[in-house]
Amino acid sequence: MGINYFESLNGDIRVSFKLDTKNTSYCIGIVYEEGYIGHLYYGSKIKDGDLSGLIRINEYPFGKVGFERERCSFHDFFAHEYPTHGIGDYREDCFGVETKGGNSEVLLSYDHYEIIKGKPGITGMPSSFGSDDEVTTLIIHCTDRFLNLKVDLYYSVFYDNDVITRSVKVINSSDEHLFIKKIYSTCLDMDNKDFDAITLHGSWARERHMESVPVTHNKLIVESVRGESSHQDNPFLALITPNTTEDTGEVYAMNFVYSGNFKAGVQLDQFDHIRMFMGISPEDFKWKLEPGDRFESPEVVMTYSDSGLGRMTHAFHDFYREHLIRSPYLHKKRPILINNWEATYFDFDTDKLISIAKEASKLGIEMLVMDDGWFGKRNDDSNSLGDWVVNEEKIKGGLKYLVDEVNKLGMKFGIWFEPEMISPDSDLMREHPDWAIHIKGREGIRSRNQFVLDYSRKDVRDEIYKKVSAILKSANIEYVKWDMNRQLTDLGSSALEPERMGELLHRYVLGVYELQERLTKEFPDLLLENCSGGGGRFDPGMFYYSPQIWCSDDTDAVERLSIQEGTALVYPLSTMGAHVSDCPNHAVGRTTPFETRGHVALAGTFGYELDVTRIPKEDVDMIPDQVKMYHRYNDLVREGDYYRIASYGKNHEFDCYGVVSKDKKEALYTFVQVLGRVNHKTRRIYLRGLDPEKTYRIDEDKCYTGDILMKVGYLIPDIKGDFRSILIHLEEKDG
Ligand code: GLA
């Protein structure tokens with residue numbers, strides 16, 4: 001299901017493939033005797049039929065007629081499925097090498113194809129999965145006969161999800177080594193439709209803000225060269241046609257299942273054709289391939305929508321929930337946690353933590369998370385990373401005692417680690433000065449007083465794993481927050497030969513994946529939350545290991561509106577770590593109502609990040625109701641369809657979004673009035689996602705049909721003041 005193969009139709013096309021999902025088609029044509037792999041179509045679903053006359057092949061400017069072997073201008077014009085370096089396609093290419101002789105060119109020809117049920121995994125890396133009924137894979141085997149290099153293009157078609165994933169495998173079948181200098185995972189060559197590009201840009205404490213810019217003849221690049229996917233640029237890129245809304249317009253979107261350096265971009269070429277691409281960033285990348293070796297690229301998830309951004313969002317959310325996140329917690333309510341970071345920072349001990357747990361347990365909070373500062377001699381951020389030994393001066397009585405006491409209160413216990421890091425002032429550094437990523441002889445560049453461990457080394461990974469797992473086995477620990485608080489510099493490894501130094505960054509990411517795989521295999525019931533200085537590594541690669549990621553160190557309810565909106569453009573609400581914190585907010589200094597903070601955190605995993613023994617009594621008194629609210633609505637938030645209604649980022653006054661259950665019997669909308677206006681006593685909100693035929697009950701007493709609520713709208717009651725919010729809950733009447 002999903003993939004058709006057609007042989008020698010007519011003209012210059014030798015073979016073509018048609019990949020169908022429920023609402024989309026993707027067509028590939030193999031042309032000329034050389035077997036170039038061309039792109040024919042991606043868009044709304046089309047019928048099976050002969051497309052051979054439609055491939056972009058004969059009209060290239062410098063004339064086919066009389067120049068039968070004219071290939072240079074052909075390559076610069078042709079819609080390539082996987083453009084390679086050095087052949088006369090001067091647009092951004094996807095693949096280049098360095099041979100023993102110092103050459104960089106690759107010219108691929110089609111060799112044969114396979115269509116298989118299901119989807120093969122990618123060695124050592126996260127990748128989406130599905131049963132044989134859910135996904136079919138096309139492998140186009142290509143070769144560069146001159147180099148004896150095999151390049152396999154993988155297309156996995158998830159029919160029901162309107163998703164096609166793409167990745168590449170390269171095998172060196174020659175008897176000489178070569179280096180891969182650049183390897184992207186996907187490329188989309190299309191005609192331009194006046195596209196704008198949407199990206200998710202940000203910074204620390206301001207992650208994933210949506211930006212939209214017109215595509216021009218200047219190359220538009222979204223890239224991380226920081227060693228992680230980053231706060232600054234998320235590995236997501238979408239093209240939209242003019243005036244695209246939530247329900248109308250065309251969207252082509254790509255998202256990278258990878259947590260390291262990436263590069264994505266779009267280029268409008270001299271003929272006004274579009275090329276969109278995504279893969280590992282070639283910056284600081286060079287991979288040696290010995291004879292017989294193979295290299296597998298990470299995968300890109302692609303989706304197309306002809307009904308606006310809403311459908312794109314739903315396609316990504318459903319796809320990640322159904323085909324990428326493996327955690328047993330995926331479909332479960334996560335325990336409501338209280339984290340002591342903003343409550344105490346480094347200044348805590350057993351008594352302090354137990355006092356927080358005591359109070360929290362009375363209010364219905366279900367788990368205490370002990371954050372940074374419990375190990376080595378760490379009382380600030382200047383030391384001890386790597387020394388994963390409990391500091392019994394703070395954790396008096398030991399970790400097991402603390403965990404047991406917390407458990408006795410009926411609460412679970414969770415703990416913070418930063419396993420990829422090493423402090424210069426640590427026993428680990430004194431013992432193994434060469435374990436940090438560093439350049440021999442050069443003084444390393446510190447960030448937050450720390451260096452990054454060389455995870456390309458197995459001995460380093462094994463030692464850290466041993467220490468982390470020993471702590472996890474020493475007490476009843478049910479949750480881990482895996483943090484990563486600095487980006488990479490001083491790119492050198494004492495274990496890699498000079499000609500393999502360009503492998504460090506990718507090997508580092510593979511090392512992180514290996515450890516998270518080991519952790520989740522050995523502790524299958526552990527709830528793992530990824531984190532990187534807030535949301536610096538919020539990418540689909542991490543979903544394979546953890547069902548949730550801390551969204552941002554900015555917990556201010558207003559800032560979170562834009563951060564969570566941008567995050568939820570692509571990633572399910574169930575993955576967004578969101579907590580209620582104390583005010584004035586530690587990041588921005590703003591004071592917002594406790595109620596609003598609760599409503600905003602409800603859109604994510606929900607929890608607290610404050611000292612419950614010290615906040616105002618009226619805030620404490622609200623917690624039991626917030627706990628009830630979470631238990632009442634989390635199934636809906638976690639599993640439902642998310643709808644954007646109004647964006648504070650755009651209108652600078654209010655925000656509104658909703659979640660509707662899959663059966664459309666229940667919905668919850670959140671309205672946040674950031675700026676109260678006298679002349680806007682009431683606002684009319686056009687609800688979205690409801691069944692127009694169903695009648696819904698709102699607030700116990702009022703009933704309206706779905707079509708009325710979506711077309712005529714709903715009047716938000718007068719909620720005077722700034723930063724005020726309300727929840728609007730709907731249930732099908734008699735449903
Ligand atoms: C990062 C995290 C925070 C906290 C600190 C601890 O900034 O995002 O939540 O864990 O590290 O150092």
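Keep in mind that what you see is a predicted model, and the values were worked out from it rather than measured. Order of appearance sets the numbers: ligands from 1, and atoms from 1 within every ligand. Just the heavy atoms: all of them, side chains too, but no hydrogens, waters or symmetry mates, feed the values below.
Of the N or O atoms in K481, one or more lie within a sub-3.5 Å distance of an N or O in ligand 1. For ligand 1, the polar-atom distance check finds an N/O of D372 within less than 3.5 Å of one of the ligand's N/O atoms. Looking at G534 next to ligand 1, an N or O pair under 3.5 Å apart turns up. At under 3.5 Å, a nitrogen or oxygen of D553, whether backbone or side chain, sits near a nitrogen or oxygen of ligand 1.
Under a cutoff of 6.0 Å and an axis angle of 45°, R507 and Y455 do not form a cation-pi pair. For the pair R644 and Y657, the cation-pi criterion (under 6.0 Å, within 45° of the ring axis) is not fulfilled. A cation-pi arrangement is absent between K352 and F348, since the terminal nitrogen or guanidinium carbon is not both under 6.0 Å from the aromatic centre and inside a 45° cone about the axis. Remark: R378 is not positioned above the aromatic ring of F346, lacking an NZ or CZ atom under 6.0 angstrom from the ring centre and at most 45 degrees off the axis.
Of the heavy atoms in R448, only side-chain atoms (C-beta onward) come closer than 4.0 Å to ligand 1. Looking at N339 against ligand 1, nothing comes within 4.0 Å, counting heavy atoms. Looking at D381 against ligand 1, nothing comes within 4.0 Å, counting heavy atoms. Contacts with ligand 1 closer than 4.0 Å are made by no heavy atom of E418, backbone or side chain.
Between the side chains of W550 and D553, a donor-acceptor pair is found at a separation under 3.5 Å.
Contact atoms of ligand 1 toward W550: 8 (O), 9 (O) (distance under 4.0 Å to a heavy atom of the residue).
For the pair E342 and ligand 1, no heavy-atom separation below 4.0 Å is found. In this structure, R378 falls outside the shell of residues with a heavy atom less than 4.0 angstrom from ligand 1.
Test Y479, W388, W482 against F417 for ring-ring contact (aromatic ring centres under 6.0 Å, His included) and you get one pass: W388.
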| task | Begin with the C-alpha distance, continue with both residues' side-chain angles, and end with the deciding distance and a verdict on ring-ring contact (aromatic ring centres under 6.0 Å, His included) for H323 and F543. | result | CA-CA 10 Å; H323 298 291; F543 290 162; over 10 Å; no

| field | Stepwise salt bridge (Lys or Arg N to Asp or Glu O under 4.0 Å) check, K481 with E529 | value | CA-CA 5 Å; K481 176 173 170 188; E529 174 155 355; over 6 Å; no

